[in-house]
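Reviewing the structure listed below.
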Amino acid sequence: MQTIRGFRDILPEKISLWQKVEKEATHLFKSFGFKEIRIPILEKTELFARSIGVVTDIVEKEMYTFEDRKGDKLTLRPEATASIVRSYIQHKMYAKDPIRKFYMIGPMFRRERPQKGRYRQFYQIDAEIFGVESAYVDSQLIFLLNELFKRLGLTGLSAHINSLGCPECRPSFQKALLDFIELKKDSLCENCLRRMDKNPLRILDCKIVDCKKALADAPATLDHLCHDCSSHFDTVKTTLEKQGLDFIVDKSLVRGLDYYTRTAWEIQTTALGAQSAVAGGGRYDGLVKELGGPQTPAIGFAIGFDRLVEIMEQIDNKKEARTIDLFIVSLGDLAMEKGYHWSLELNQAGIRTEMDFRGKSMKALMKRADKLKAQYVLIAREDELKKKTVVIRNMNTKEQVLLAIETLVPELIKIFNK
Ligand SMILES: [Zn+2]
Ligand SMILES: [Zn+2]
């Protein structure tokens, strides 16, 4: 017997990173005032069709939907937000206190095309805030995500943000979009054409290359924001700036679900070289009302747990492969003496630094650095020392920079603690 395609066991020898993430996330959520909620794995199909939108990839192609023995249409949850909103309404949580913060961690199910690193049972870490319209919670959630990923050792983090507007500004955008699509009709796929009448915004999600090309200059929601949406987005941006977070305004970020309004974002990391998304979120100010509750602003995010663990595994592997942080190549007596004292200061700061005292040649020392699998090499030559500089070479990327020897140690500490 074998697992079903797209499903997998997470074996005991692989579990430690999962537990580490759960522990860090739970800890952080609690310090931000979130409480855990546990929702069922099975819900009425209608819940997802109404919230995610009938004309979306998830609902049209990816949900595990079936009839039970009595003929009720049921679906294995493809995401958490809809269920949490249902729960908020069902238990009239808004009556006692409309402001609620929830988190949940657990499996989701989508029958996606099988490919490497994609699972049909996948895990998400999810957080939602109900009852707050302020743009400060948008930047707060982005901050929280960034903080979590930093604590888990991810580097090169940036937030890609966009504003999708609200029911007030959407009609003007939709009109502009429809006019544009009308001109590009001949280059679009069947799926896009079908969606034109039902849900034109979804066309911007099409993964087909020709469609993407044809839609490259499509109108953007950002150019059609009403006054309130525009000032909301401005506050998000200035707050992120003040928080010192790297962010990129990305007009093409639309996210695959119908219920989003205003701020939408994705967190990307370059921890493994190429950019890849590890989390996404957005505001959905209309969904609670749409599903039968009172008008309640809401916002949330989901972290792709499987992807996150995969990235952390690869970071760990890299770390193991690299046994030392820095190897000092000292050429000449002065360089040897300087290098020796730098190495002591760096060792003291917890940076794994090695050097060679045998007075060997550049070539021999670089070989030694390779053998020790140094991440960086510091090259100190007499002529450069006279100019008060040394060369730092990144052994992964082969990039070199000149550093002034006056501030060398603090600069290096900064590089290694990043
Ligand atoms: Zn608006
Ligand atoms: Zn298409």
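Just so you know, these numbers come straight off a predicted model, no measurement behind them. First listed ligand is number 1; within each ligand, the first listed atom is number 1.
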Problem set entry | Glu60 bridged to Arg195 by N-O distance under 4.0 Å | yes

Exercise. Looking at the Zn ion (ligand 1), is one of the N, O or S atoms of Cys226 less than 2.8 Å from it?
Worked result: yes

Exercise. Do Phe305 and Gln124 have side chains that get closer than 4.5 Å, going by heavy atoms?
Worked result: no

Seminar exercise, completed: Cys166 SG to Cys229 SG via the Zn ion (ligand 1), rounded to 10°, gives 100°

For this session: Take the Zn ion (ligand 2) as the vertex and measure to SG of Cys192 and SG of Cys206; round to 10°.
Result: 110°

Problem set entry | Gln115, CD: over 12 other non-hydrogen atoms inside 6.0 angstrom | yes

Exercise. Mind checking whether Phe130 and Phe102 have ring centres under 6.0 Å apart?
Worked result: yes

